[in-house]
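First up is the structure itself, then whatever we jot down about it.
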Amino acid sequence: MIGGFLTSLGWVLSAFATNVHFLFFTFGVMAGIGSGMVYLPAVVIVGQYFQKRRALAQGLSTTGTGFGTFLITVLLKYLCAEFGWRNAMIIQGAVTLNLCVCGALMRPLESRMQCSAETTRDHQNMKEASLLDTDTVKPNNVLHDGEDGEFRTDNGTSWIKEDTSNEIVIKDISRLGILKSLTRMTVSVRSGFWTWYSSYFGAASLFTNKVFVAFVLWALLAYCSFVIPFIHLPEIVELYGMSEQNSIFPLTSIIAIVHIFGKIILGFLGDLSCVSAWNVFIASNFTLGICILILPLMQVYAALAVVCALIGFSSGYFSLMPVVTEDLVGIKQLANAYGIIICANGISALLGPPFAGWIFDITQKYDYSFYVCGLLYMLGIICLLLEPCLQPKEKNREKPVENREV
């Protein structure tokens, strides 16, 4: 919910930009951090809600990115044409504010049970407190009944029984509620900080897991190659004289459309008991790496469209990433581990386009960018294939025992 507010604020403030440097902060930093804060918890919470069909649930939940790309693009073009780009960014900021509503709906399951238990306790406390209204408050001095429900003591102090008892009870309950909430917040912040610290720097750090380190290396090598087709594909189309065909049905649209179905189908396959999600993940990555390598060799539009469709379908492995990450590190460390993977993907996507441009500056050919980045992708897949060798010996010994029991 905080990420949705930051993203919306970044859009609205960008409407008042006077130069590009202003947009670096509002649209790049503020809206970028907000988007990251929205995406990661959404993926983790979906994984907590679903157990049996987790991969399919992740695939369905992330298909919104594909549909949103088309819808928001059309919407922004219309808003810019009708109201100008500044007013369009303000309207888009208002639309983005609905992320706070989405965050309010995705509450963790544990907190739900705790809240229901706390409400029942508070209800019982209120019942007990209401019983105090029927009792007489007796101080050290002797009480004497007065008129209209007024009480007097020997020293002359007087008060009305109902008012004083109600005020005392309400004040005590409000103070207890404030103390409870402050204590709960302090404990949650401290536990969250130590969990975060131990996950990165403690003895049980994620980086002591060799398989997870190999997974991070794959993320660094792979994503810089994945963005290359979106950058240099228009130049390849123009080089081979396919601009007219591409204008009718763009190849990037083929990738985006098939990518939606790839997420759902690969998520369904990853949930099957007879298929390993890890094997589906590696197979889709291998297909994507091969397609990036052979894409410049396709000099006919139909062949190029088939390769782009395969790229879009195989890139649907994004629906399997949370499932595979959870299998490696467990549900407790999923948030931190998946955050590291997304950060590695972001660094790779940031360095990939300049690296591909540098290769073109040296060779003056776009083909070599695909070849070099495709080889880097295959190198990342080799890191994934080392998984059986990097697993601890204890786990490898436990697997045959489990199979015998089954």
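In what follows, residues are counted from 1 in the order of the sequence shown.
- Residues passing the side-chain hydrogen bond (donor to acceptor under 3.5 Å, both in side chains) test with Ser314: none are found, sequence neighbours excluded.
- Listed here is the closest heavy atom pair of Ile341 and Met321: CG2-CE, 3.3 Å.
- For the side-chain hydrogen bond (donor to acceptor under 3.5 Å, both in side chains) test, residues two or more places apart in sequence or in another chain that qualify with Glu326 are Arg54.
- Of all non-hydrogen atoms in Gly270 and Ala277, the two that sit nearest each other are O-CB, 3.9 Å.
- Taking the side chain to side chain contact (heavy atoms under 4.5 Å, CB included) definition, one finds that Phe313 meets it with Val258, Ile265, Leu266, sequence neighbours left out.
- Remark: Ile91 CD1 to Arg86 CZ distance equals 14.5 Å, nearest 0.5 Å.
- Among residue pairs with one or both ends in residues 266-289, those qualifying as ring pair (Phe, Tyr, Trp, His ring centres under 6.0 Å) are Phe215-Phe281, Trp218-Phe281, Phe281-Tyr317; sequence neighbours excluded.
- More than 12 heavy atoms of other shown residues, nucleotides or ligands fall within 6.0 angstrom of atom CG in Leu351.
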| task | Any chance you could lay out the side chain to side chain contact (heavy atoms under 4.5 Å, CB included) test for Tyr223 and Tyr377, step after step, and finish with the verdict? | result | CA-CA 8 Å; Tyr223 211 76; Tyr377 203 111; over 6 Å; no

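- Taking CG from Leu23 and OG1 from Thr18, the interatomic distance works out to 8.5 Å, rounded to the nearest 0.5 Å.
- The closest donor-acceptor contact from the side chain of Asp271 to the backbone of Leu56 lies under 3.5 Å.
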Return a table of donor-acceptor pairs under 3.5 angstrom between the side chains of residues 291-299 and protein atoms on other chains or two or more places apart.
none

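- Within the structure, the ring pair (Phe, Tyr, Trp, His ring centres under 6.0 Å) test picks out no pair touching residues 74-107 (sequence neighbours left out).
- Taking every heavy atom of both residues into account, Met37 and Gly3 meet most closely at CB-CA, 3.8 Å.
- Under the 4.5 Å side-chain criterion, counting only non-hydrogen atoms from C-beta, Leu75 is in contact with Gln92.
- The two residues Cys224 and Gly352 make their nearest non-hydrogen contact at CB-CA, 3.6 Å.
- Of the possible polar contacts, none joining the Asn336 side chain to the Gln333 backbone as a donor-acceptor pair under 3.5 Å is found.
- Every pair passing side-chain hydrogen bond (donor to acceptor under 3.5 Å, both in side chains) that includes a residue from residues 1-15 is listed here, sequence neighbours excluded: Ser14-Thr26.
- Contact of the Phe27 side chain with the Met89 side chain is registered, since non-hydrogen atoms from C-beta on lie closer than 4.5 Å.
- Residues forming a side chain to side chain contact (heavy atoms under 4.5 Å, CB included) with Cys373 (at least two apart in sequence, or on another chain): Ser225, Ile228, Phe355.
- For Asn19, the side chain to side chain contact (heavy atoms under 4.5 Å, CB included) partners at least two apart in sequence or on another chain are His21, Phe22.
- Taken from CG in Leu221 to CD1 in Ile381, the straight-line distance is 10.5 Å, to the nearest 0.5 Å.
- Contact between Ala344 and Ala219 at its shortest, heavy atoms only, is CB-CB, 3.8 Å.
- Here the NE2 atom belonging to His259 is positioned 4.5 Å from the OG atom belonging to Ser315, to the nearest 0.5 angstrom.
- Taking CG of Leu379 as the reference point, atom CG of Leu384 lies at 10.5 Å (rounded to 0.5 Å).
- Looking at Ile340 and Phe212, their side chains come closer than 4.5 Å, going by heavy atoms from C-beta outward.
- Nearest heavy-atom pair, Leu79 versus Ala88, reported as atom, atom and distance to 0.1 Å: CB-CB, 3.6 Å.
- To the nearest 0.5 Å, atoms CG (Leu269) and SG (Cys274) are separated by 9.0 Å.
- Within a 6.0 Å radius of OH in Tyr371, other residues, nucleotides and ligands contribute more than 12 heavy atoms.
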| said: Under the criterion side chain to side chain contact (heavy atoms under 4.5 Å, CB included), I'd like the reasoning laid out for Ile236 against Phe370: C-alpha separation, chi angles, the key distance, then a yes or no. | reply: CA-CA 10 Å; Ile236 293 291; Phe370 288 89; 3.7 Å; yes

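- In terms of the side chain to side chain contact (heavy atoms under 4.5 Å, CB included) criterion, residue partners of Glu235 (sequence neighbours excluded) are, by chain and number, His232, Tyr366.
- With sequence neighbours left out, Ser35 forms a side-chain hydrogen bond (donor to acceptor under 3.5 Å, both in side chains) with no residue at all.
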| said: side chain to side chain contact (heavy atoms under 4.5 Å, CB included), that's the test. Do Phe360 and Lys365 meet it? Break it down for me. | reply: CA-CA 5 Å; Phe360 173 77; Lys365 290 184 178 180; 5.5 Å; no

Under 3.5 Å donor-acceptor pairs involving side-chain atoms of residues 304-311, not counting sequence neighbours:
none

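- In the displayed structure, Phe261 atom CZ is contacted under 6.0 Å by at most 12 heavy atoms of other residues, nucleotides or ligands.
- Within the 4.5 Å cutoff, no side-chain heavy atoms of Phe5 are placed close to those of Leu99.
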